[in-house]
Amino acid sequence: MGKIRAAITGVQGYVPDYVLTNAELETMVETSDEWITTRTGIKERRILKGEGQGTSVLAAKAAKGLLEKTNTDPAEIDLIICATVTPDMVFPATANIVSDEIGAVNAFSYDIGAACSGFIYALSTGATFIESGRYKKVIVIGADKMSSIIDYTDRTTCIIFGDGGGAVLLEPTEEEVGIMDFIHKADGAGAEFLNMKAGGSRYPATVETVMAREHFARQDGATVFKFAVTNMADYAAKIMERNDLNADDVNYLVAHQANKRIIDATARRMGVTDDKVMMNIERYGNTTSGTIPLLLWDYEKYLHKGDNLVLAAFGGGFTWGAMYVRWAYDSK
Ligand code: UT7
């Protein structure tokens with residue numbers, strides 16, 4: 001028997017209907033469409049509106065669509081991993097809520113929190129369960145309702161983030177496709193530059209933490225930018241080197257959508273041309289754990305079996321890394 005690899009056998013995304021445009025943001029904070037477009041590449045993002053609507057809504061819609069599309073019985077799912085930094089509640093895990101929503105009665109499920117690197121961390125974790133031979137069907141989700149932790153009076157963050165998510169199905173294969181390699185890194189010294197200070201065990205919610213607006217995501221944008229450019233580019237290049245891939249061998253760069261300038265710098269470092277760079281930041285902004293599955297969903301129609309994809313991400317933690325994925329099917 002050959003080596004068992006974990007193949008992505010389906011992908012589905014979900015974004016809510018409400019479109020928050022740069023024009024609307026201009027009415028909320030001191031900013032301009034021109035500034036946002038040139039500094040980030042973002043034109044609009046989606047927002048999940050409505051009372052009692054958490055990240056599980058985004059995640060369950062993506063997972064349900066994935067089951068339908070791949071003709072999978074939810075009872076066959078062994079494991080659901082949901083990457084998110086905006087869980088419905090501190091506990092239980094959003095993945096538990098999703099498994100109930102979609103009828104995955106035989107699955108166990110849990111969340112992974114690695115901020116913008118959450119989806120690649122979760123994907124490699126799910127793949128490892130498949131490669132071990134223990135499980136046959138794993139759903140990996142990346143979803144975030146970032147609007148729930150964004151301060152819409154802070155122009156340095158509110159223009160960047162949006163809501164959305166996506167899900168992939170992982171199944172075993174003995175072919176030379178699937179999750180081929182990954183490198184993940186973390187450095188907790190980065191915590192001070194990108195975090196949501198209150199609401200955890202260190203600073204539980206009080207009237208004071210709410211008044212001080214400490215339940216919102218904050219970042220030192222310039223510092224995060226510097227680390228993100230260096231590490232995403234370095235690790236995308238490292239994973240290529242380690243797998244003897246040159247720029248011609250790479251069909252697509254699938255990079256976390258935080259800032260178009262960071263993605264462009266990563267592509268330049270890899271030597272890949274713009275036509276090989278998956279990009280949808282202009283329509284969804286930064287959906288944190290959602291960006292990479294949303295890219296795969298948007299570009300699925302262009303992908304062919306055997307295509308070489310380099311995934312790269314950088315985010316809060318700091319966390320970062322890169323993956324080499326060989327696409328496992330031709331889109332129908
Ligand atoms: O996904 C997780 C990881 N996150 C990231 O990777 C994000 C990394 N950081 C970034 O993408 C960028 O740093 C930002 C988009 C957040 C900011 O862009 P920047 O080019 O680094 O701008 P800056 O923070 O250096 O600010 C430049 C100027 C400042 O004005 P002064 O001090 O030069 O007068 C800001 O106050 O731009 C001002 N500014 C704005 N102006 C108009 C900041 N935000 C805005 C805004 N509209 N929304």
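Only a predicted model underlies this, so the values are computations on that prediction, with no experimental measurement involved. Counting starts at 1 for both ligands and their atoms, in listed order.
No donor-acceptor contact under 3.5 angstrom links the side chains of T84 and D111, judged on distance only. Counting only N and O atoms by type, the side chains of S109 and N96 include a donor and acceptor under 3.5 Å apart. Checking D144 against T287 by side-chain atom types alone, no donor-acceptor pair falls below 3.5 Å.
For atom 11 (O) of ligand 1, the nearest protein heavy atom (residue, atom name, distance) is N259 ND2, 2.7 Å. Among protein heavy atoms, atom 1 (O) of ligand 1 sits closest to N286 ND2, 2.7 Å. Protein heavy atom in closest approach to atom 22 (O) of ligand 1: R39 NH2, 3.7 Å. Ranking protein heavy atoms by distance to atom 19 (P) of ligand 1, first place goes to R261 NH2, 3.8 Å. Remark: minimum distance from atom 2 (C) of ligand 1 to any protein heavy atom is reached at C116 SG, 3.1 Å. Scanning the protein for heavy atoms near atom 17 (C) of ligand 1, the closest one is W35 CH2, 3.9 Å. Given atom 9 (N) of ligand 1, the protein heavy atom at minimum distance is G221 O, 3.1 Å. Of the protein's non-hydrogen atoms, V224 CG1, 3.6 Å is the one closest to atom 3 (C) of ligand 1.
Atoms of ligand 1 found under 4.0 Å from any heavy atom of I262, numbered from 1 in the order shown, are 6 (O). Ligand-side atoms of ligand 1 in range of T40: 15 (C), range being under 4.0 angstrom from any heavy atom. Close approach to A258 involves these atoms of ligand 1, each under 4.0 Å from a residue heavy atom: 1 (O), 5 (C), 6 (O). For ligand 1, the atoms lying closer than 4.0 Å to a non-hydrogen atom of A222 are 13 (O). Every atom of ligand 1 with a heavy atom of I159 under 4.0 Å away is listed here by number and element: 48 (N). Heavy-atom proximity to I160, at under 4.0 Å, picks out these atoms of ligand 1: 16 (C).
Where the criterion is an N or O separation shorter than 3.5 Å, residue side chain and backbone included, T156 fails it with respect to ligand 1. Taking only nitrogen or oxygen atoms, main chain and side chain alike, T31 reaches within less than 3.5 Å of ligand 1. Inclusion of I36 in the set of residues having an N or O under 3.5 Å from an N or O of ligand 1 is not warranted.
Atom 24 (O) of ligand 1 is never approached by the protein to below 4.0 angstrom, counting heavy atoms only. Inside a 4.0 Å radius of atom 41 (N) of ligand 1 there is at least one protein heavy atom. Protein non-hydrogen atoms do reach within 4.0 Å of atom 47 (N) of ligand 1. Protein non-hydrogen atoms do not reach within 4.0 Å of atom 34 (O) of ligand 1.
If you run salt bridge (charged side-chain N to carboxylate O under 4.0 Å, His left out) between E175 and each of R5, R326, K305, only K305 comes through.
Annotation for A62 and G165: closest pair CB-O, 4.3 Å, computed over non-hydrogen atoms. Nearest approach of G315 to A115, heavy atoms of both residues: C-CB, 4.3 Å. Minimum interatomic distance between Q257 and A255 (heavy atoms only, all atoms of both residues): NE2-O, 2.7 Å.
Between the CG atom of D151 and the CZ atom of F216 there is a distance of 4.5 Å, given to the nearest 0.5 Å.
Electrostatic pairing of D234 and R269 counts as a salt bridge here, judged by a charged N lying under 4.0 Å from a carboxylate O.
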Taking distance alone, no hydrogens or angles, what donor-acceptor pairs closer than 3.5 Å link side-chain atoms of residues 225-232 to residues at least two apart or in another chain?
residue : atom : partner : partner atom : Å
T230    : OG1  : K226    : O            : 2.8
N231    : ND2  : F227    : O            : 3.1

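Among Q257, E30, E26, R155, the residue whose heavy atom sits closest to atom 36 (O) of ligand 1 is R155.
A 6.0 Å sphere centred on NZ of K185 holds no more than 12 heavy atoms belonging to other residues, nucleotides or ligands.
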Could you check T209 against H215 for side chain to side chain donor-acceptor pair (under 3.5 Å), going step by step and ending with a plain yes or no?
-> CA-CA 7 Å; T209 62; H215 295 270; 2.7 Å; yes
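The side chain to side chain contact (heavy atoms under 4.5 Å, CB included) check on A104 picks up I77, I80, S99, I102, A107, with sequence neighbours excluded.
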